[in-house]
Protein chains: 2
Amino acid sequence: MGASKLINYTEEQILVAKYAKALSHPARMAIMQLLLAKQSCICGDIVDELPLSQSTVSQHLKELKEAGLVRGQIDGVSICYCINEPEWAKLTDLLGHFFEKRHVKTSSCC
Amino acid sequence: MGASKLINYTEEQILVAKYAKALSHPARMAIMQLLLAKQSCICGDIVDELPLSQSTVSQHLKELKEAGLVRGQIDGVSICYCINEPEWAKLTDLLGHFFEKRHVKTSSCC
DNA sequence: TTTATTAATCGTAATTTTACGATTGATTTA
DNA sequence: TAAATCAATCGTAAAATTACGATTAATAAA
(Lines give C-alpha, C1' and ligand atoms only; values in the text may rest on other atoms or scores of the structure.)
Protein backbone atom coordinates (compact mmCIF):
# COMPACT_ATOMS: atom_id res chain seq x y z
CA MET A 1 0.00 0.00 0.00
CA GLY A 2 2.33 2.79 -0.75
CA ALA A 3 1.05 5.40 -3.12
CA SER A 4 0.51 3.75 -6.45
CA LYS A 5 2.64 5.40 -9.09
CA LEU A 6 0.62 6.28 -12.17
CA ILE A 7 2.25 4.73 -15.16
CA ASN A 8 0.16 6.62 -17.64
CA TYR A 9 -2.07 9.63 -17.83
CA THR A 10 -5.81 9.27 -18.15
CA GLU A 11 -7.51 9.56 -21.52
CA GLU A 12 -9.21 12.71 -20.31
CA GLN A 13 -5.92 14.32 -19.33
CA ILE A 14 -4.40 13.50 -22.69
CA LEU A 15 -7.43 14.73 -24.62
CA VAL A 16 -7.83 17.99 -22.74
CA ALA A 17 -4.09 18.62 -23.05
CA LYS A 18 -4.37 18.06 -26.80
CA TYR A 19 -7.19 20.58 -27.16
CA ALA A 20 -5.44 23.03 -24.86
CA LYS A 21 -2.30 22.75 -26.93
CA ALA A 22 -4.23 23.51 -30.10
CA LEU A 23 -5.48 26.70 -28.46
CA SER A 24 -2.20 27.61 -26.80
CA HIS A 25 -1.09 30.20 -29.33
CA PRO A 26 -2.74 33.62 -29.80
CA ALA A 27 -2.77 33.16 -33.58
CA ARG A 28 -4.76 29.95 -33.27
CA MET A 29 -7.10 31.56 -30.77
CA ALA A 30 -7.61 34.39 -33.24
CA ILE A 31 -8.39 31.93 -36.02
CA MET A 32 -10.87 30.06 -33.87
CA GLN A 33 -12.62 33.24 -32.82
CA LEU A 34 -12.80 34.33 -36.44
CA LEU A 35 -14.39 31.05 -37.47
CA LEU A 36 -16.70 30.93 -34.46
CA ALA A 37 -17.92 34.41 -35.32
CA LYS A 38 -18.05 34.17 -39.08
CA GLN A 39 -19.27 30.62 -39.46
CA SER A 40 -16.82 30.13 -42.32
CA CYS A 41 -13.96 31.95 -43.88
CA ILE A 42 -11.64 31.52 -46.79
CA CYS A 43 -8.00 31.07 -46.00
CA GLY A 44 -6.88 34.32 -47.62
CA ASP A 45 -9.14 36.35 -45.37
CA ILE A 46 -7.66 34.67 -42.32
CA VAL A 47 -4.17 35.53 -43.54
CA ASP A 48 -5.26 39.15 -43.98
CA GLU A 49 -6.48 39.33 -40.39
CA LEU A 50 -3.34 37.97 -38.81
CA PRO A 51 0.08 39.59 -38.44
CA LEU A 52 1.76 36.54 -39.93
CA SER A 53 2.88 35.30 -43.31
CA GLN A 54 0.73 33.05 -45.46
CA SER A 55 2.89 30.02 -44.79
CA THR A 56 2.82 30.51 -41.05
CA VAL A 57 -0.94 30.88 -41.00
CA SER A 58 -1.18 27.73 -43.08
CA GLN A 59 0.89 25.92 -40.48
CA HIS A 60 -1.40 27.07 -37.66
CA LEU A 61 -4.42 25.99 -39.68
CA LYS A 62 -2.83 22.59 -40.12
CA GLU A 63 -2.44 22.23 -36.36
CA LEU A 64 -6.06 23.13 -35.78
CA LYS A 65 -7.09 20.63 -38.44
CA GLU A 66 -4.91 17.93 -36.89
CA ALA A 67 -6.48 18.57 -33.51
CA GLY A 68 -9.82 18.08 -35.27
CA LEU A 69 -11.15 21.51 -34.40
CA VAL A 70 -11.33 22.87 -37.91
CA ARG A 71 -12.23 21.59 -41.34
CA GLY A 72 -11.38 22.93 -44.77
CA GLN A 73 -13.15 22.54 -48.08
CA ILE A 74 -12.03 23.47 -51.55
CA ASP A 75 -14.05 26.32 -53.01
CA GLY A 76 -12.70 27.13 -56.44
CA VAL A 77 -9.18 28.39 -56.08
CA SER A 78 -9.69 29.04 -52.39
CA ILE A 79 -10.12 26.90 -49.33
CA CYS A 80 -13.07 27.57 -47.07
CA TYR A 81 -12.45 26.89 -43.40
CA CYS A 82 -14.95 26.34 -40.65
CA ILE A 83 -15.37 24.91 -37.19
CA ASN A 84 -15.68 21.15 -37.02
CA GLU A 85 -18.95 21.31 -35.13
CA PRO A 86 -19.12 17.78 -33.66
CA GLU A 87 -15.56 17.99 -32.40
CA TRP A 88 -16.15 21.45 -31.04
CA ALA A 89 -19.18 20.16 -29.17
CA LYS A 90 -17.02 17.39 -27.74
CA LEU A 91 -14.43 19.90 -26.57
CA THR A 92 -17.12 22.12 -25.11
CA ASP A 93 -18.57 19.23 -23.14
CA LEU A 94 -15.19 18.07 -21.91
CA LEU A 95 -13.97 21.50 -20.88
CA GLY A 96 -17.38 22.54 -19.65
CA HIS A 97 -17.22 19.62 -17.26
CA PHE A 98 -13.65 20.35 -16.29
CA PHE A 99 -14.15 24.05 -15.77
CA GLU A 100 -17.51 23.97 -14.11
CA LYS A 101 -17.96 25.98 -10.95
CA ARG A 102 -16.39 24.05 -8.18
CA HIS A 103 -17.32 24.00 -4.56
CA VAL A 104 -14.46 24.89 -2.29
CA LYS A 105 -15.57 23.21 0.91
CA THR A 106 -12.89 24.60 3.16
CA SER A 107 -10.28 27.25 2.68
CA SER A 108 -7.23 25.90 0.96
CA CYS A 109 -3.89 25.59 2.66
CA CYS A 110 -2.29 28.43 0.76
CA MET B 1 -11.83 49.96 -47.56
CA GLY B 2 -9.67 46.89 -47.48
CA ALA B 3 -9.53 44.48 -44.61
CA SER B 4 -7.66 46.04 -41.73
CA LYS B 5 -4.64 43.96 -40.82
CA LEU B 6 -4.53 43.22 -37.11
CA ILE B 7 -1.23 44.32 -35.74
CA ASN B 8 -1.72 42.64 -32.43
CA TYR B 9 -3.85 40.00 -30.82
CA THR B 10 -6.58 40.89 -28.38
CA GLU B 11 -6.01 40.68 -24.65
CA GLU B 12 -8.54 37.88 -24.48
CA GLN B 13 -6.74 35.86 -27.13
CA ILE B 14 -3.43 36.27 -25.36
CA LEU B 15 -4.88 35.40 -21.97
CA VAL B 16 -6.79 32.32 -23.10
CA ALA B 17 -3.74 31.16 -25.03
CA LYS B 18 -1.66 31.55 -21.88
CA TYR B 19 -4.05 29.46 -19.81
CA ALA B 20 -4.37 26.90 -22.57
CA LYS B 21 -0.62 26.61 -22.76
CA ALA B 22 -0.40 25.99 -19.04
CA LEU B 23 -2.82 23.09 -19.47
CA SER B 24 -1.34 21.79 -22.71
CA HIS B 25 0.65 18.95 -21.17
CA PRO B 26 -0.85 15.80 -19.64
CA ALA B 27 1.42 16.10 -16.61
CA ARG B 28 0.13 19.58 -15.84
CA MET B 29 -3.44 18.44 -16.39
CA ALA B 30 -2.80 15.61 -13.94
CA ILE B 31 -1.42 18.03 -11.38
CA MET B 32 -4.39 20.35 -11.75
CA GLN B 33 -6.86 17.49 -11.39
CA LEU B 34 -5.02 16.30 -8.31
CA LEU B 35 -5.20 19.73 -6.71
CA LEU B 36 -8.79 20.31 -7.77
CA ALA B 37 -9.75 17.01 -6.17
CA LYS B 38 -7.58 17.12 -3.09
CA GLN B 39 -7.81 20.78 -2.20
CA SER B 40 -4.11 20.79 -1.40
CA CYS B 41 -1.18 18.52 -1.74
CA ILE B 42 2.44 18.49 -0.78
CA CYS B 43 4.92 18.43 -3.61
CA GLY B 44 6.31 15.00 -2.80
CA ASP B 45 2.90 13.41 -3.15
CA ILE B 46 2.50 14.97 -6.59
CA VAL B 47 5.86 13.56 -7.62
CA ASP B 48 4.75 10.14 -6.42
CA GLU B 49 1.62 10.29 -8.55
CA LEU B 50 3.37 11.22 -11.77
CA PRO B 51 5.61 9.12 -14.00
CA LEU B 52 8.29 11.82 -13.98
CA SER B 53 11.35 12.73 -12.00
CA GLN B 54 11.26 15.18 -9.13
CA SER B 55 13.03 17.89 -11.12
CA THR B 56 10.65 17.57 -14.05
CA VAL B 57 7.60 17.77 -11.84
CA SER B 58 9.10 20.83 -10.19
CA GLN B 59 9.45 22.41 -13.62
CA HIS B 60 5.80 21.72 -14.44
CA LEU B 61 4.76 23.17 -11.09
CA LYS B 62 6.78 26.26 -11.86
CA GLU B 63 4.92 26.73 -15.13
CA LEU B 64 1.57 26.40 -13.41
CA LYS B 65 2.68 28.90 -10.80
CA GLU B 66 3.88 31.32 -13.48
CA ALA B 67 0.54 31.06 -15.24
CA GLY B 68 -0.99 31.95 -11.87
CA LEU B 69 -3.07 28.80 -11.60
CA VAL B 70 -1.34 27.34 -8.59
CA ARG B 71 0.16 28.60 -5.37
CA GLY B 72 2.68 27.02 -3.04
CA GLN B 73 3.30 27.52 0.63
CA ILE B 74 6.12 26.31 2.79
CA ASP B 75 5.03 23.74 5.33
CA GLY B 76 8.03 22.60 7.29
CA VAL B 77 10.41 20.84 4.95
CA SER B 78 7.70 20.41 2.37
CA ILE B 79 5.82 22.72 0.06
CA CYS B 80 2.05 22.57 0.05
CA TYR B 81 0.47 23.30 -3.32
CA CYS B 82 -3.07 24.33 -4.07
CA ILE B 83 -5.26 25.93 -6.68
CA ASN B 84 -5.07 29.71 -6.84
CA GLU B 85 -8.80 30.10 -6.42
CA PRO B 86 -9.30 33.67 -7.68
CA GLU B 87 -7.25 33.01 -10.78
CA TRP B 88 -9.02 29.73 -11.37
CA ALA B 89 -12.35 31.53 -11.14
CA LYS B 90 -11.08 34.00 -13.72
CA LEU B 91 -10.07 31.21 -16.05
CA THR B 92 -13.38 29.46 -15.53
CA ASP B 93 -15.29 32.59 -16.41
CA LEU B 94 -13.16 33.32 -19.44
CA LEU B 95 -13.28 29.82 -20.82
CA GLY B 96 -16.86 29.31 -19.77
CA HIS B 97 -17.73 32.28 -21.91
CA PHE B 98 -15.58 31.12 -24.77
CA PHE B 99 -16.80 27.55 -24.73
CA GLU B 100 -20.43 28.19 -24.09
CA LYS B 101 -22.93 26.41 -26.26
CA ARG B 102 -23.06 28.24 -29.51
CA HIS B 103 -25.93 28.60 -31.89
CA VAL B 104 -25.11 27.46 -35.38
CA LYS B 105 -27.64 29.45 -37.33
CA THR B 106 -27.06 27.86 -40.71
CA SER B 107 -25.09 24.84 -41.77
CA SER B 108 -21.45 25.63 -42.21
CA CYS B 109 -19.76 25.56 -45.57
CA CYS B 110 -17.76 22.44 -44.86
C1' DT C 1 25.97 20.52 15.56
C1' DT C 2 25.46 16.95 12.37
C1' DT C 3 22.52 14.35 9.49
C1' DA C 4 18.41 13.66 6.86
C1' DT C 5 14.67 15.27 4.10
C1' DT C 6 12.42 18.08 0.70
C1' DA C 7 12.03 20.82 -3.29
C1' DA C 8 14.21 24.37 -6.37
C1' DT C 9 17.68 25.25 -9.54
C1' DC C 10 21.59 24.26 -12.71
C1' DG C 11 23.54 22.18 -16.68
C1' DT C 12 22.61 19.71 -20.62
C1' DA C 13 20.66 17.09 -24.54
C1' DA C 14 16.93 15.93 -27.56
C1' DT C 15 12.84 17.32 -29.50
C1' DT C 16 9.25 20.49 -30.84
C1' DT C 17 7.50 24.92 -32.07
C1' DT C 18 7.43 29.07 -34.54
C1' DA C 19 8.40 31.81 -38.33
C1' DC C 20 9.83 33.01 -42.93
C1' DG C 21 10.75 32.94 -48.06
C1' DA C 22 10.61 30.05 -52.00
C1' DT C 23 8.51 26.56 -54.52
C1' DT C 24 4.84 23.54 -55.97
C1' DG C 25 0.28 22.02 -57.35
C1' DA C 26 -4.36 22.97 -58.37
C1' DT C 27 -7.91 25.71 -60.30
C1' DT C 28 -9.75 29.66 -62.68
C1' DT C 29 -9.58 33.18 -65.95
C1' DA C 30 -8.01 35.38 -70.17
C1' DT D 1 -3.24 26.98 -73.99
C1' DA D 2 -1.08 30.49 -71.10
C1' DA D 3 -1.18 33.44 -67.20
C1' DA D 4 -2.92 34.41 -62.71
C1' DT D 5 -4.44 33.21 -58.16
C1' DC D 6 -4.55 30.71 -53.94
C1' DA D 7 -2.96 27.75 -50.38
C1' DA D 8 0.02 23.71 -49.07
C1' DT D 9 4.51 22.17 -48.56
C1' DC D 10 9.63 22.38 -48.40
C1' DG D 11 13.84 23.92 -46.44
C1' DT D 12 15.80 26.26 -42.83
C1' DA D 13 16.96 28.89 -38.65
C1' DA D 14 16.02 30.42 -34.07
C1' DA D 15 13.77 29.74 -29.90
C1' DA D 16 11.13 27.12 -26.58
C1' DT D 17 9.85 22.80 -24.40
C1' DT D 18 10.65 18.58 -22.14
C1' DA D 19 13.27 15.52 -19.56
C1' DC D 20 16.96 13.94 -16.59
C1' DG D 21 20.74 13.67 -13.02
C1' DA D 22 23.43 16.43 -9.97
C1' DT D 23 23.74 20.10 -6.94
C1' DT D 24 22.09 23.52 -3.76
C1' DA D 25 19.40 25.68 -0.08
C1' DA D 26 16.34 25.35 3.64
C1' DT D 27 14.22 23.14 7.37
C1' DA D 28 13.60 19.33 10.72
C1' DA D 29 15.21 15.65 13.43
C1' DA D 30 18.81 13.14 15.88
Side-chain angles (χ1 to χ4, degrees), chain A residues 2-3 5-9 13-14 17-32 34-35 40-67 70-82 109-110, chain B residues 2-3 5-9 13-14 17-32 34-35 40-67 70-82 109-110:
Chain A
K5 184 114 178 162
L6 269 196
I7 297 307
N8 285 310
Y9 302 110
Q13 284 159 2
I14 292 167
K18 188 190 81 168
Y19 287 141
K21 188 169 190 178
L23 300 176
S24 73
H25 192 288
R28 293 193 290 273
M29 279 298 304
I31 292 171
M32 290 303 290
L34 213 65
L35 295 182
S40 75
C41 195
I42 66 166
C43 178
D45 293 341
I46 300 174
V47 173
D48 288 341
E49 293 290 334
L50 295 182
L52 296 170
S53 73
Q54 181 263 318
S55 61
T56 301
V57 172
S58 198
Q59 226 171 277
H60 283 303
L61 282 167
K62 189 181 179 185
E63 286 182 71
L64 289 172
K65 265 189 292 180
E66 280 171 358
V70 145
R71 291 162 36 76
Q73 187 168 281
I74 297 170
D75 175 24
V77 196
S78 310
I79 312 270
C80 173
Y81 279 98
C82 67
C109 74
C110 43
Chain B
K5 185 113 179 163
L6 268 197
I7 298 305
N8 286 309
Y9 303 110
Q13 284 158 3
I14 291 168
K18 188 189 80 169
Y19 288 141
K21 188 169 190 177
L23 301 176
S24 72
H25 192 289
R28 292 193 292 271
M29 279 297 305
I31 292 171
M32 290 303 289
L34 214 64
L35 296 183
S40 76
C41 195
I42 66 166
C43 179
D45 293 341
I46 301 174
V47 172
D48 287 342
E49 292 290 334
L50 295 182
L52 295 170
S53 74
Q54 181 263 317
S55 60
T56 302
V57 171
S58 197
Q59 226 171 278
H60 283 302
L61 281 167
K62 190 181 179 187
E63 285 182 71
L64 290 172
K65 265 189 293 179
E66 280 171 357
V70 147
R71 293 162 35 75
Q73 187 168 279
I74 298 170
D75 175 24
V77 197
S78 309
I79 312 272
C80 173
Y81 279 98
C82 67
C109 73
C110 42

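Atom set for the values below is all heavy atoms of this structure, side chains included, hydrogens, waters and symmetry mates excluded. Convention: sequence-line order gives letters A, B, ...; per-chain numbering from 1. What you see is a predicted model, and the numbers here were worked out from it, not measured in a lab.
Note: B:His60 and B:His25 have tilted aromatic rings, judged against thresholds of 30 and 60 degrees for the angle between ring planes.
Within 4.0 Å (heavy atoms only), B:Gln59 reaches at least one base atom of the nucleic acid. Here A:Ser58 lies in heavy-atom contact (under 4.0 Å) with a base.
Atom CZ in B:Arg71 sits roughly 18 Å away from atom C1' in C:dA8 (whole-Å rounding). Across the protein-nucleic acid pair, A:Lys21 atom NZ and D:dA16 atom P stand 16 Å apart, rounded to whole Å. As a whole-Å value, the separation of B:Glu63 CD from C:dT9 P is 13 Å. A:Ile46 has its CD1 atom 9 Å from the P atom of D:dA8, to the nearest Å. B:Asp75 has its CG atom 17 Å from the C1' atom of C:dA8, to the nearest Å. In this structure, A:Lys62 atom NZ and D:dA7 atom P are separated by 17 Å, rounded to whole Å. Atom CD1 of A:Ile79 and atom P of C:dT24 are 19 Å apart (whole Å). Regarding A:Glu49, its CD atom lies at a distance of 14 Å from the P atom of D:dA7, rounded to whole Å.
Looking at A:Tyr81 and A:Gln73, their side chains never come closer than 4.5 Å, going by heavy atoms from C-beta outward.
The environment of CD1 in A:Ile14 is crowded: more than 12 heavy-atom neighbours from other residues, nucleotides or ligands sit within 6.0 Å.
Of the candidate nucleotides C:dA19, C:dA8, C:dT28, C:dT28 has the atom lying nearest to any side-chain atom of A:Val77. Which of D:dC6, C:dT18, D:dA8 sits closest to the side chain of A:His25 comes down to C:dT18. Residue B:Ser78 places its side chain closer to C:dT6 than to any other of D:dA19, D:dA7, C:dT6. Side chain of A:Thr56, nearest nucleotide from C:dA8, C:dA7, C:dA19: C:dA19.
Mapping B:Leu61 and A:Ala27 onto DNA chain C via the closest heavy atom, the residue that lands nearer the 5' end is B:Leu61. Residues A:Ser55 and A:Ile74 both approach DNA chain C. Their nearest nucleotides, taken by heavy-atom distance, put A:Ser55 toward the 5′ side.
Look at B:Tyr81 and you'll find a side-chain N or O under 4.0 angstrom from OP1 or OP2 of C:dA8. Within the structure, every side-chain polar atom (N or O) of B:His60 is placed at least 4.0 Å from both OP1 and OP2 of D:dT17.
For D:dA8, its base sits under 3.5 Å from the side chain of A:Gln54 at one donor and acceptor pair at least.
Under 3.5 Å, the side chains of A:Ser55 and A:Ser58 contain no donor-acceptor pair of N or O atoms.
Side chain of A:Arg28 to main chain of A:Ala22: a donor-acceptor pair is present (N/O by atom type, distance under 3.5 Å, no hydrogens or angles).
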